[in-house]
Amino acid sequence: MAPYHIRKYQESDRKRVLGLFSQGMAEHVPATFRHTLKLRQNLVLLLGGPLAVFLVSGSWLLALMASLTFLTTLWFLAKYSWTQHTVKALQTDLSDITKYYFSECGSCFWVVESEGQVVGTVGALPVEEPTLQKKQVELLRLSVALEHRGQGIAKALVRTVLQFARDQGYSEVVLNTTIMQSPALAIYHSMGFQETHQSFAFQSFRLMAIPLIHFIYHLPSAQVSPAPGQGGGP
């Protein structure tokens, strides 16, 4: 395993960070397609639709074309949904990482560097919600290059955010991910995050029965405030 270290984001990292994020989102398309294909209503349409076409037209060719058209539509829907998610991120916080994550205290963005190359990312932004009773920070953009997974990098990035949250006086860390991101779900559960509720980011995700799963982590250090100068290191 090549050594790695976590450091704060620099503008020179931008191209690699955006590439990692876009690549990670694209990886979910095949799994999303398979998930959508297994939905009961889609299995009925996949089997019954072509059969109905054959019974009406008497043509197996038309039935085959109907089946291929349906599969193509499901693939397009899966790809479109993750493209939509990627575009939204690139138009919001990832459009200017320095501005969004370093313009004020309480937020930050980190990268993982290994052998001179950025191989992972994570960010933290305060939750701006006036009705909140506790101070929350959101963990965002957790991503690790495919060839560097399984080395504990993702957990190290999550721990970096948790320590940052403690140092900044946050009470809770929140995040969301989808059921398609099973490795991330396993990491969050293993590190003590608790599921709170589910929602749908886009209508296309609702059509494919892919909810966002929202998590929360209650910081133990928030219960006892440390004396000045006794905060933990990053």
Donor-acceptor under 3.5 Å ([X] side chain, [Y] main chain):
| X | Y | result |
| --- | --- | --- |
| S95 | T92 | yes |
| S107 | A124 | no |
| T121 | V17 | no |
| H35 | P30 | no |
| N42 | L37 | no |

Short N-O contact, K79 and E27, less than 4.0 angstrom: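 No.
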SB check D13 R7 (cutoff 4.0 Å):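 Yes, D13 and R7 are salt-bridged.
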For the [atom1] atom of [X] and the [atom2] atom of [Y], what is their distance to the nearest 0.5 Å?
| X | Y | atom1 | atom2 | answer |
| --- | --- | --- | --- | --- |
| S81 | Q203 | OG | CD | 10.0 Å |
| T72 | F33 | OG1 | CZ | 8.0 Å |
| T98 | E11 | OG1 | CD | 3.5 Å |
| M191 | L162 | CE | CG | 5.5 Å |
| C108 | Q168 | SG | CD | 8.5 Å |
| M208 | F200 | CE | CZ | 10.0 Å |

Residues V53, L55; criterion side chain to side chain contact (heavy atoms under 4.5 Å, CB included); working and verdict: CA-CA 6 Å; V53 171; L55 292 176; over 6 Å; no
Where G120 and L20 come nearest, the two heavy atoms and their spacing: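 Taking G120 first and L20 second, the nearest heavy atoms are N-CD1, 3.7 Å.
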Heavy-atom closest pair, residues L94 and R14: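 Nearest pair, atom of L94 first, then R14: O-NH1, 3.1 Å.
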Same cluster (ILVMFWY, side-chain, under 4.5 Å), Y217 and L212: no
Joint cluster assignment, L45 & L39, ILVMFWY side-chain distance < 4.5 Å: no
Donor-acceptor side-chain pairing of S171 and Q136 below 3.5 angstrom: no
Ring centre gap for H189 and F215 strictly below 6.0 Å: yes
Using a 3.5 Å cut-off and no angle test, enumerate the donor-acceptor pairs between side-chain atoms of residues 177-188 and protein atoms at least two apart in sequence or in another chain.
residue: T177; atom: OG1; partner: Q181; partner atom: OE1; Å: 2.8
residue: T178; atom: OG1; partner: M180; partner atom: N; Å: 3.2
residue: T178; atom: OG1; partner: Q181; partner atom: OE1; Å: 2.9
residue: Q181; atom: OE1; partner: T178; partner atom: N; Å: 2.9
residue: Q181; atom: NE2; partner: H28; partner atom: NE2; Å: 3.4

Criterion side chain to side chain contact (heavy atoms under 4.5 Å, CB included) on V122 and R141, from CA distance to verdict: CA-CA 5 Å; V122 75; R141 313 308 175 205; over 6 Å; no
Test applied, ring pair (Phe, Tyr, Trp, His ring centres under 6.0 Å); reference residue, Y9; option that passes from F109, Y101, W110: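 Result: among F109, Y101, W110, F109 is the only option passing the ring pair (Phe, Tyr, Trp, His ring centres under 6.0 Å) with Y9.
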Decide yes or no for [X] and [Y]: does some side-chain heavy atom of the first lie under 4.5 Å from some side-chain heavy atom of the second?
| X | Y | answer |
| --- | --- | --- |
| H85 | F202 | yes |
| Q117 | R16 | yes |
| V111 | I6 | no |

Whether F164 and Y170 hold their rings parallel, tilted or perpendicular, with breakpoints at 30° and 60°: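 Aromatic pair F164/Y170 classed tilted.
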Heavy atoms from other residues, nucleotides or ligands near CZ of F76 exceed 12 (cutoff 6.0 Å):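 At most 12 heavy atoms, drawn from other residues, nucleotides or ligands, come within 6.0 Å of this atom.
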More than 12 heavy atoms of other groups within 6.0 Å of M65 CE: no
Verdict with reasoning, T36 to W75, per side chain to side chain contact (heavy atoms under 4.5 Å, CB included): CA-CA 9 Å; T36 307; W75 178 267; over 6 Å; no
Side chain to side chain contact (heavy atoms under 4.5 Å, CB included) between T32 and I210, intermediate numbers included: CA-CA 8 Å; T32 300; I210 299 177; 3.3 Å; yes
